[in-house]
Amino acid sequence: MSELLVVGSVALDSVETPFGKVQEALGGSATYFSYSASFFTGVHLVATVGEDFPEAHLKLLEDRGVEIGGLQTSRGRTFRWSGQYGYDLSEAKTLETQLNVFAEFRPVLGEGLGRTPFLFLANIDPELQLDVLCQMKERPRLVALDTMNFWIQGKREALRRVLAEVDVVTVNDGEARQLASEPNLIRAARAISTMGPRTVVVKRGEYGALLLTEDRLFFVPAYPLESVYDPTGAGDTFAGGFMGYLAAQDRVDAAAMRRAVVYGSVMASFTVEDFSLKRLTRLTPADINERYMAFHDLIRVEP
Ligand code: AMP
């Protein structure tokens, strides 16, 4: 079993969907990722929050066993994101992004973290993703990266530099098209893999997830849920299940990647059942196993 390191955002999210809304709830790419991955293996979180960040949120992460020694409290306000979804929950409309303490943040990898074998560069400024990668004392066995339209538009150059250095990229379908400037998803995934990552995972919300690795495609549908409340964090939770499983198994081969995509889909299917991390805080390992088997049943077919 290997450990995981994640750098990304820890946020206060204000989210509105047709099924309800929350104000300044716990969110952030590294938050969802680490909470999800912690069901599989040990996770170290590197990020920053402001002085206004509620103690209770820190406790939630600690109680789950997430190692938060690398979570700095900086002077100023915590990163804030607000978004809105219509009945089509596949894409958030960003209403506001306040970088706040992230504007000045420089990640520092403390004692021993530079040798963590599995690294996830969660959605955050690609310059910070590069900075963390450069601080690694040893090339991790697997480096994965996530990003979003905000950075694809605003920091394309830095993003291309970091993409050239990673093994896996996870993006949603709109981001894949935007990054590759290519409307066809399969072509877009192939184009992204020529930018550096040998494995590309395209998250398609309610339409599932596509894996392109070693020039082969694999596809898993989304778990058919009858009530979805808030898709925020689904992508990061997916990545947490995906990387958490690989790190726990200490494997990076194509067969393990396929199972990892199913674990990612399992974890994401829970997140969307409630706002913020609420559903994940009620989750048990037995729930995860049960839903993995339900997925198995869902996609099994005789040859
Ligand atoms: P997703 O898994 O794609 O739904 O990601 C949702 C999370 O991304 C939210 O909890 C936000 O706090 C976070 N987020 C939104 N915009 C950014 C950004 N520009 N940089 C880093 N994190 C962000």
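Counting starts at 1 for both ligands and their atoms, in listed order. Treat the numbers as computed from the prediction; the structure is a model and nothing was measured.
Atom 21 (C) of ligand 1 has its closest protein heavy atom at Asn123 O, 3.1 Å. Scanning the protein for heavy atoms near atom 9 (C) of ligand 1, the closest one is Asp13 OD2, 3.2 Å. When only non-hydrogen protein atoms are considered, atom 17 (C) of ligand 1 lies nearest to Met148 SD, 3.4 Å. Of the protein's non-hydrogen atoms, Asp236 OD2, 2.9 Å is the one closest to atom 5 (O) of ligand 1. The nearest protein atom to atom 4 (O) of ligand 1, hydrogens excluded, is given as Gly233 N, 2.8 Å; this is a heavy-atom distance. Protein heavy atom at the shortest distance from atom 22 (N) of ligand 1 is Ser9 OG, 2.8 Å.
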For this session: In sequence, state the C-alpha distance, the side-chain angles, and the governing distance for Ser193 and Arg198, and then conclude on side chain to side chain donor-acceptor pair (under 3.5 Å).
Result: CA-CA 5 Å; Ser193 77; Arg198 68 170 192 278; over 6 Å; no
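For the residue pair Gln135/Asp131, the side-chain donor-acceptor check at 3.5 Å is satisfied. Counting only N and O atoms by type, the side chains of Thr170 and Asp146 include a donor and acceptor under 3.5 Å apart. Checking Ser2 against Asp250 by side-chain atom types alone, a donor-acceptor pair falls below 3.5 Å.
Side-chain contact between Phe150 and Lys155: absent, with no pair of heavy atoms (C-beta onward) separated by less than 4.5 Å. Side-chain contact between Leu119 and Met136 is present, with at least one heavy-atom pair separated by less than 4.5 Å. A 4.5 Å side-chain heavy-atom check between Phe120 and Leu5 finds every atom pair outside the cut-off.
Considering backbone and side-chain atoms alike, Tyr85 places every N or O at 3.5 Å or more from each N or O of ligand 1.
Those atoms of ligand 1 with a heavy atom of Gly235 less than 4.0 angstrom away are 2 (O). Residue contact check: Gly28 has heavy atoms under 4.0 Å from atoms 9 (C), 10 (O), 12 (O) of ligand 1. The distance from ligand 1 to the heavy atoms of Ala11 drops below 4.0 Å at these ligand atoms: 12 (O). Atoms of ligand 1 found under 4.0 Å from any heavy atom of Thr232, numbered from 1 in the order shown, are 4 (O), 6 (C), 9 (C), 10 (O). Atom numbering of ligand 1 starts at 1 in the shown order; those under 4.0 Å from a heavy atom of Gly27 are 10 (O). For ligand 1, the atoms closer than 4.0 angstrom to any heavy atom of Phe150 are 19 (N).
Outside the 6.0 Å centre-distance limit, the rings of Tyr292 and His296 are not counted as a close aromatic pair.
Using a 4.0 Å cut-off between heavy atoms, Ala234 contacts ligand 1 through its backbone alone, with no side-chain atom that close.
At a 4.0 Å cut-off, at least one heavy atom of Trp151 sits close enough to ligand 1 to count as contact. Ligand 1 is approached by Phe79 to a heavy-atom distance shorter than 4.0 Å.
In this structure, Arg141 forms no cation-pi arrangement with Phe118, as its terminal cationic atom is not both closer than 6.0 Å to the ring centre and no more than 45° off the ring axis. Taking the ring axis of Phe219 as reference, the NZ or CZ atom of Arg204 does not stay both within 45° of it and closer than 6.0 Å to the ring centre.
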